[in-house]
Amino acid sequence: MQQRSGIQGPPPGCPAHGNLPLYGPQFGSDPDGHYEHLRGLGPSAPVDIAPGVEVELVTNYDAALHILQNPASFVRDSRRWKALNEGRVPEDSPALPMMGYRPNALFSDGAAHARLRQAVTDSLATVNELQLVRQTQQSADYLISRFSSDRLGQAELMAEYAQPLPLLVFSDLFGCPPEIGDRVIVGISGIFDGTAGADLVLAEALAELIALKRRRPGSDLTTRLMEHSAGLTDEETLHQLVTLLSGGTAPLAATIGTGSALILGDDWQAGLPVEDAVTQVLWNYAPIANYAAHYPTHDVELGGRILRANEPVVISFAGANTDPRLAEHREQLSAKAHLAFGAGPHACPAKDPAFIIAVTAVETLLNRLPDIEVRVPFKDLSWVPAPWSRSLVALPVRFTSRTVTSTPAPAPQPQAAAAAPHRVPSPAPQPAATASSKPKPGLFSRFLAWTRGE
């Protein structure tokens, strides 16, 4: 991928003028230019990841891989974060939800990490790939049905397709009944949108789901986590579910959106498989762009810079993947050698399901709307001006209007008939609610009703 820098001369934010901000309109308009500029300062350089929050950003592929694969010197437990412990991080900083400690596998090390990760990895390994494809197709068909009958034949794919699709798939995988699934989607969407109280909505919905699965186990991911030999507590189960949601839904939305934009663009070579487009996204437009804060356990020298103990070192997956030093041997590298899913002990345990969901989502879109085309050239599309995710702001498309109907429901798993996750025991009869008092069905409820032909 050809790099260019839109940052000329000593930019606002060079070491002589303060750190380079990795947020805001200037960053969003040219993230690759920012990474190129930072590479000129060495394997890593100080940046402001949010106002008043300084981190060391690693943009060199080899340096990133070294840190990711060296847990003895670089740990993930953010309770070590020196500036935070000293009160130098603003209380309302947008970096805190992304970097603050949570009792999950992402922020754990050693034996604690191994225990939590094993529960997640083993549970994900039981997901049937064919069923996952069918679940994704059905979610895709539902969303396409909502906008494909528009007489104008126009849609905005990020908001109407790429963003809600992973939420539907995950709610299904978790075994959510309709009303809980609605609240899970509202909660996780609100967290990414910065909606006040969204974290509480999500926590209450997942706590209710876990309590339900204690009473009535199912053939779903939530039950498998709870029944794993690691013996997770309900609180630990909740935090692993939050991790799967936050680490899976937004990056998947970004991958689906960018992959669709690439394959519909004028520069895409006709006939290349969708897998190639998704792989190109993972290499050149890493959905999780800058994340995985590590904390040196002692002062470490890296490329002439000293990484201080307990000061955050953030991996730029986007910068490392597009490191020009890889250009000479990119063709010899495995297609999976990118760092979009991380590396080392904290590599994403859901990379295979994530790839399946992304490919299936793009393929289904192309199959259901064969004449779909983008209304804006790829080079003119705008990126979200935040450091964490490389995601399109919007993806406007046009197509010939048509009706899309439901695909057959996924075949039930062996025990599903006895413990179907969407067939929750009815509570004791209550007086009939008036039409005005009934809660309006949310996205997941409407999706499930559509799959049943209601």
Atom of [X], atom of [Y] and distance for their closest heavy-atom approach:
X: Pro251; Y: Pro287; value: O-CB, 3.4 Å
X: Ser29; Y: Pro31; value: C-CD, 3.9 Å
X: Ala320; Y: Leu326; value: O-CD1, 3.7 Å
X: Ala289; Y: Tyr35; value: CB-OH, 4.0 Å
X: Ala261; Y: Leu381; value: CB-CD1, 3.9 Å
X: Asp77; Y: Asp109; value: N-OD2, 3.2 Å

I'd like to check [X] versus [Y] (side-chain heavy atoms, cut-off strictly below 4.5 Å). Are they in contact?
X: Leu366; Y: Ser260; value: no
X: Ile372; Y: Leu365; value: yes
X: Thr451; Y: Arg446; value: no
X: Arg76; Y: Ser108; value: no
X: Arg88; Y: Trp81; value: no

Without swapping roles, check the side chain of [X] against the backbone of [Y] for a donor-acceptor pair under 3.5 Å.
X: Thr233; Y: Glu236; result: yes
X: Asn128; Y: Leu130; result: yes
X: Glu156; Y: Leu395; result: yes
X: Arg325; Y: Asn60; result: no
X: His298; Y: Pro296; result: no
X: His34; Y: Asp30; result: yes
X: Ser139; Y: Leu168; result: no
X: Tyr161; Y: Ala253; result: no
X: Glu54; Y: Asn19; result: no
X: Ser93; Y: Pro90; result: no

Seminar exercise, completed: Sequence neighbours excluded, the answer for side-chain hydrogen bond (donor to acceptor under 3.5 Å, both in side chains) partners of Thr243 is Asn104

So how far is it from [X] [atom1] to [Y] [atom2], rounded to the nearest 0.5 Å?
X: Leu143; Y: Gln163; atom1: CG; atom2: CD; value: 11.0 Å
X: Leu225; Y: Leu244; atom1: CG; atom2: CG; value: 6.5 Å
X: Leu167; Y: Thr249; atom1: CG; atom2: OG1; value: 5.5 Å
X: Ser445; Y: Ile185; atom1: OG; atom2: CD1; value: 8.5 Å
X: Leu241; Y: Met226; atom1: CG; atom2: CE; value: 9.0 Å
X: His239; Y: Leu232; atom1: NE2; atom2: CG; value: 11.0 Å

Ion pair present between [X] and [Y], side-chain N to carboxylate O less than 4.0 angstrom?
X: Arg134; Y: Glu129; answer: no
X: Glu208; Y: Arg183; answer: yes
X: Asp220; Y: Lys213; answer: yes
X: Asp234; Y: Arg214; answer: yes

Problem set entry | Plane angle bin for His338 and Trp283 - parallel if under 30°, tilted between 30 and 60°, otherwise perpendicular | perpendicular

For this session: Classify the ring geometry between Phe170 and Phe174 as parallel (under 30°), tilted (30 to 60°) or perpendicular (over 60°).
Result: perpendicular

Problem set entry | Aromatic contact, Tyr142 with Phe444 (centres under 6.0 Å) | no

For this session: Kindly state whether the ring of Phe27 and the ring of Trp383 have centres lying under 6.0 angstrom apart.
Result: no

Problem set entry | Those residues that, when tested against Glu56, pass salt bridge (charged side-chain N to carboxylate O under 4.0 Å, His left out) (two or more places apart) | Arg305

Problem set entry | Counterpart residues, salt bridge (charged side-chain N to carboxylate O under 4.0 Å, His left out), relative to Arg308 (two or more places apart) | Asp299

For this session: Mind running salt bridge (charged side-chain N to carboxylate O under 4.0 Å, His left out) on Arg146 and Asp141 for me, showing each step along the way?
Result: CA-CA 9 Å; Arg146 299 176 74 195; Asp141 283 341; over 6 Å; no

Please say whether more than 12 non-hydrogen atoms of neighbouring residues, nucleotides or ligands are located less than 6.0 Å from [atom1] in [X].
X: Arg375; atom1: CZ; result: yes
X: Gln269; atom1: CD; result: no
X: Asp267; atom1: CG; result: no

For this session: Check the pair Arg39, Thr322 against side chain to side chain donor-acceptor pair (under 3.5 Å), reporting the backbone distance first and the verdict last.
Result: CA-CA 11 Å; Arg39 287 193 203 97; Thr322 55; 2.8 Å; yes

For this session: Please determine if Arg102 forms a cation-pi arrangement with Phe107, meaning its NZ or CZ atom is less than 6.0 Å from the six-membered ring centre and no more than 45° off the ring axis.
Result: no

For this session: Any chance you could lay out the side-chain contact (heavy atoms from CB on, under 4.5 Å) test for Arg80 and Thr297, step after step, and finish with the verdict?
Result: CA-CA 9 Å; Arg80 290 175 169 265; Thr297 57; 4.1 Å; yes

Problem set entry | Audit row: Thr126, Arg224, side chain to side chain donor-acceptor pair (under 3.5 Å) steps and yes/no | CA-CA 8 Å; Thr126 66; Arg224 290 165 191 151; 3.1 Å; yes

